[in-house]
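Take a look at the structure set out below.
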Amino acid sequence: MALLDELASLLGDDLLLDDVARHSRARDTWPRSEFDQWQGQLVLPAAVAAPSSTEQLAAAVQLCRSHGMPMIPRGAGSGCVGGVLASSDSVMISTERLSGLAWLDPVDGLAAFGAGTMGIDAENRVRQDGFTIGHWPQSIEISSVGGWVATRASGQYSTAYGNIEDIVYAVEAVLPDGSIYRSRPTPRASAGPDLRELLLGSEGTLGIVTEVTFSLRPLPEPGVRQAFHFEDMSAGIDAVRSVIVPGWRPPVVRLYDAGESRRHFRDHLPKGRCMGIFLHEGPPGHAALEAAAVAELCQAGSGEPADPGVVDHWFEHRNTVPTWTELFEQGLVADTIEVATSWGRLGQLYTAVIEAISAVPTVIAATAHTSHAYQSGANLYFTFAAQPSDPDQYQSVYDACWAAAMQAATDCGAGISHHHGIGRVRRPWMTDELGDAGVKVLRAVKAALDPDNLMNPGVLIPD
């Protein structure tokens with residue numbers, strides 16, 4: 001193939017053609033893709049281009065465009081909604097070699113990293129200088145900072161520190177025509193629409209993030225941890241709302257329904273109760289003051305104090321989850337679905353989605369927790385598990401669970417995604433999310449930047 005010869009000339013050893021390299025980078029962790037791999041049906045890309053510089057990546061994009069070759073941008077592949085999935089006629093454009101600290105300014109509290117830097121490496125590096133990025137997704141050890149931007153990610157400390165859009169200071173990216181865009185590094189600008197927003201959540205359809213500059217925070221003093229359990233989700237939601245609306249911002253605020261509380265904290269609360277856990281931290285004196293106020297509000301809302309050790313237990317195990325393949329081998333089909341809505345609709349949303357998923361044949365569990373709170377609402381993070389008798393039913397049952405959850409969420413007026421993004425699994429509901437006018441705008445932007453639809457086709461934008 002002429003394109004591969006030209007890419008080899010440009011990239012040398014940064015062009016990966018062997019089966020092992022192509023196989024390991026052909027997908028993200030979407031359960032449907034993992035099921036294809038489990039069944040031996042995974043499709044590999046024609047090649048993996050892993051440039052070592054932004055300029056090389058831009059030249060590779062230009063070459064692919066000149067040959068009409070679809071390009072699949074890939075960070076670390078930790079996404080779980082089908083945002084990265086190869087076709088045999090595509091080139092995977094990996095940012096894995098755009099890695100490491102570019103610079104750090106302790107006066108301004110800024111640090112720039114190559115987009116392929118793993119999240120935990122970036123966090124550990126700024127900690128050497130007394131800072132934190134404040135972004136702690138469950139995938140921090142297996143996700144890249146560029147992927148955080150591309151998927152509009154959220155972290156476990158978001159209630160205090162914000163989501164990725166609140167932490168990113170500047171972005172560098174290669175656009176679909178191979179040009180390089182660099183946003184102005186400034187704390188705020190009134191210079192028209194913020195073009196960074198085109199890249200935040202674009203999932204590789206409008207460009208490839210190559211460098212990210214973060215606004216850092218000083219490392220906080222040691223935090224205070226506490227927990228309370230509530231009669232039901234409604235009481236727990238009311239308590240969390242009573243904490244957030246007055247302005248308290250514990251970095252970690254998590255409320256588990258009875259099913260998840262039983263699963264995570266079985267020995268620490270009566271059956272049927274809902275566990276809420278909190279972490280408080282900040283500048284000197286803040287954590288103790290906030291913890292006292294939150295304790296008073298939770299107990300006023302009928303919350304009963306629980307052993308603070310449950311929070312320690314959560315921290316120790318928060319990133320430990322089984323692989324989808326391990327579940328397939330046990331005869332289980334499972335996934336997580338996170339949505340968000342206003343406080344007034346949150347209880348309705350919880351009930352509606354749980355009932356909708358539970359009604360799907362072979363579903364054996366549908367549970368939820370809330371883990372990100374805002375002044376006017378919060379998210380709900382659902383987990384479902386089904387046990388079809390025949391592996392040939394795995395995909396249909398999986399799709400039915402997603403369809404049930406998405407329909408229930410849209411019927412409640414909820415947002416269809418809080419932090420995992422759209423990928424392929426949510427794409428059919430994007431018109432419900434954006435409306436006809438919004439989808440028209442998104443398609444127009446895509447057509448202007450990528451008229452041949454070569455950059456991550458099949459993702460985000462509905463047909």
- prompt: Which heavy atom in Ser371 sits nearest to a heavy atom in Thr159, and how many Å separate them?
  reply: O-OG1, 4.5 Å

Arg249/Glu290 salt bridge by N-O under 4.0 Å criterion: no

task: Could you walk me through whether Gln156 and Asn319 pass side chain to side chain contact (heavy atoms under 4.5 Å, CB included), step by step?
output: CA-CA 11 Å; Gln156 294 163 340; Asn319 297 335; 3.6 Å; yes

query: So which pairs with a foot in residues 116-144 pass ring pair (Phe, Tyr, Trp, His ring centres under 6.0 Å), sequence neighbours left out?
result: His135-Trp148, Trp136-Tyr157

message: Working to the nearest 0.5 angstrom, can you tell me the gap between Thr431 OG1 and Ile416 CD1?
response: 9.0 Å

query: Could Arg152 and Glu197 be called an ion pair, given the rule that one side-chain N must be under 4.0 Å from one carboxylate O?
result: yes

field: Ser143 side chain to Ser139 backbone, donor-acceptor under 3.5 Å
entry: yes

- prompt: Side-chain donor-acceptor pair under 3.5 Å between Glu203 and Thr205, yes or no?
  reply: no

message: Are Trp103 and Leu110 packed together at the side-chain level, in the sense that at least one heavy-atom pair is separated by less than 4.5 angstrom?
response: yes

- prompt: With the threshold set at 4.0 Å, does a side-chain nitrogen-carboxylate oxygen contact exist between Arg65 and Asp177?
  reply: no

task: Rounded to the nearest 0.5 Å, what's the gap from SG on Cys64 to CG on Leu454? Could you check?
output: 8.5 Å

- prompt: Is there a donor in the side chain of Glu172 and an acceptor in the side chain of Thr54, or the other way round, less than 3.5 Å apart?
  reply: yes

- prompt: Can you name the ring pair (Phe, Tyr, Trp, His ring centres under 6.0 Å) partners of His420, sequence neighbours left out?
  reply: Tyr381

message: For a 4.5 angstrom cut-off between non-hydrogen side-chain atoms, does Leu380 reach Glu338?
response: no

- prompt: Distance only, no hydrogens: is a donor on one side chain within 3.5 Å (strictly under) of an acceptor on the other, for Glu123 and Thr132?
  reply: yes

message: Any non-hydrogen side-chain atom of Trp343 less than 4.5 Å from a side-chain atom of Val240?
response: yes

- prompt: Between Val149 and Val168, is any pair of side-chain heavy atoms under 4.5 Å apart?
  reply: yes

query: With a 4.5 Å heavy-atom cut-off, do Val61 and Met71 have their side chains touching?
result: yes

field: Distance in Å, Ile142 CD1 paired with Ile140 CD1, rounded so as to fall on 0.5 Å steps
entry: 11.0 Å

- request: Would you sort out whether Cys401 and Val363 count as a side chain to side chain contact (heavy atoms under 4.5 Å, CB included), showing the intermediate values?
  value: CA-CA 8 Å; Cys401 290; Val363 167; 3.5 Å; yes

message: Give me the atom names and distance for the closest heavy-atom approach of Val360 to Ala404.
response: CG2-CB, 4.0 Å

message: Using only atom types and a distance under 3.5 Å, with no angle test, would you say the side chain of Asp257 pairs donor to acceptor with the backbone of Glu260?
response: yes

field: Partner residues of Tyr256 under the ring pair (Phe, Tyr, Trp, His ring centres under 6.0 Å) criterion, sequence neighbours left out
entry: His264, Phe265, His369

- request: Could you walk me through whether Glu221 and His286 pass the side chain to side chain donor-acceptor pair (under 3.5 Å) test, one step at a time?
  value: CA-CA 9 Å; Glu221 67 175 0; His286 176 84; over 6 Å; no

- line: Heavy atoms of Pro45 and Ala26 approach each other most closely as CD-CB, 3.9 Å

- prompt: With no hydrogens and no angle check, do the side chains of Asn163 and Ser154 hold a donor and an acceptor under 3.5 Å apart?
  reply: yes

message: Between Arg443 and Pro462 (side chain of the first, backbone of the second, donor and acceptor by atom type, cut-off under 3.5 Å), is there such a pair?
response: yes

- request: Please work out whether the ring planes of His280 and Phe278 are parallel, tilted or perpendicular, with thresholds of 30° and 60°.
  value: parallel

message: Counting only heavy atoms from other residues, nucleotides and ligands, does the tally under 6.0 Å from CG of Asp5 exceed 12?
response: yes

Side-chain donor-acceptor pairs of residues 212-220 under 3.5 Å, sequence neighbours excluded:
none

query: Checking Thr410 side chain against Gln407 main chain: does a donor-acceptor pair fall under 3.5 Å?
result: yes

message: How long is the straight-line distance from OH of Tyr169 back to OG1 of Thr186, given to the nearest 0.5 Å?
response: 5.0 Å

query: Which heavy atom in Ala115 sits nearest to a heavy atom in Ser144, and how many Å separate them?
result: O-CB, 3.4 Å

query: Do Arg32 and Gln395 get their side chains close enough for a donor-acceptor pair, meaning under 3.5 Å?
result: yes

message: Can a side-chain donor-acceptor contact be found between Asp14 and Ser52 if the only test is distance below 3.5 angstrom?
response: yes

- prompt: Are Glu281 and Tyr161 close enough that a side-chain donor and a side-chain acceptor fall under 3.5 Å?
  reply: yes

message: With heavy-atom distances below 4.5 Å as the criterion, would you say the side chains of Glu141 and Met118 are in contact?
response: no

Gap between atom CG of Leu346 and atom OH of Tyr350 - 0.5 Å precision: 11.0 Å

- request: For Thr370 and Ala378, work out which heavy atoms get closest and say how close.
  value: OG1-CB, 3.6 Å

query: Is a side-chain N or O of Asn124 found less than 3.5 angstrom from the main chain of Ile120, in a donor-acceptor match?
result: yes

- prompt: Are side-chain heavy atoms of Ile72 and Met455 found at a separation under 4.5 Å?
  reply: no

query: Do we see a donor-acceptor contact under 3.5 Å between the side chains of Arg97 and Gln56?
result: no

Less than 3.5 Å apart, which donor and acceptor atoms pair up between the side chains of residues 73-92 and the rest of the protein, not counting sequence neighbours?
from, atom 1, to, atom 2, distance (Å)
Arg74, NE, Arg25, O, 3.4
Arg74, NH2, Ser24, O, 3.4
Ser87, OG, Asp89, OD1, 2.6
Ser87, OG, Ser90, OG, 3.4
Ser90, OG, Ser87, N, 3.2
Ser90, OG, Ser87, O, 2.7

task: Assert yes or no for the condition that the ring centre distance of His419 to His372 is strictly below 6.0 Å.
output: yes

- request: Show the numbers, then the answer: is there a side chain to side chain contact (heavy atoms under 4.5 Å, CB included) between Asn379 and Val339?
  value: CA-CA 6 Å; Asn379 83 313; Val339 295; over 6 Å; no

query: Is there a donor-acceptor pair under 3.5 Å between the side chain of Ser417 and the backbone N or O of Gly421?
result: yes

query: How many angstroms lie between atom CD of Gln39 and atom CZ of Phe35, to the nearest 0.5 angstrom?
result: 4.0 Å

query: Is atom CG of Asp13 surrounded by more than 12 heavy atoms (other residues, nucleotides or ligands) closer than 6.0 Å?
result: no

- line: Hits for ring pair (Phe, Tyr, Trp, His ring centres under 6.0 Å) against Tyr374, two or more places apart or cross-chain, chain-then-number order -> His418

- prompt: Are Phe384 and Ile337 close enough that some pair of their side-chain heavy atoms sits under 4.5 Å apart?
  reply: yes

- prompt: Going through the checks in order, is the salt bridge (charged side-chain N to carboxylate O under 4.0 Å, His left out) test met by Glu165 and Arg196?
  reply: CA-CA 9 Å; Glu165 65 270 21; Arg196 294 177 305 174; over 6 Å; no

statement: Nearest heavy-atom approach of Gln387 to Ile364 is OE1-CD1, 4.0 Å

query: Between Asp335 and Tyr398, does a side chain to side chain contact (heavy atoms under 4.5 Å, CB included) hold up when you go through it step by step?
result: CA-CA 8 Å; Asp335 204 357; Tyr398 176 85; 2.5 Å; yes

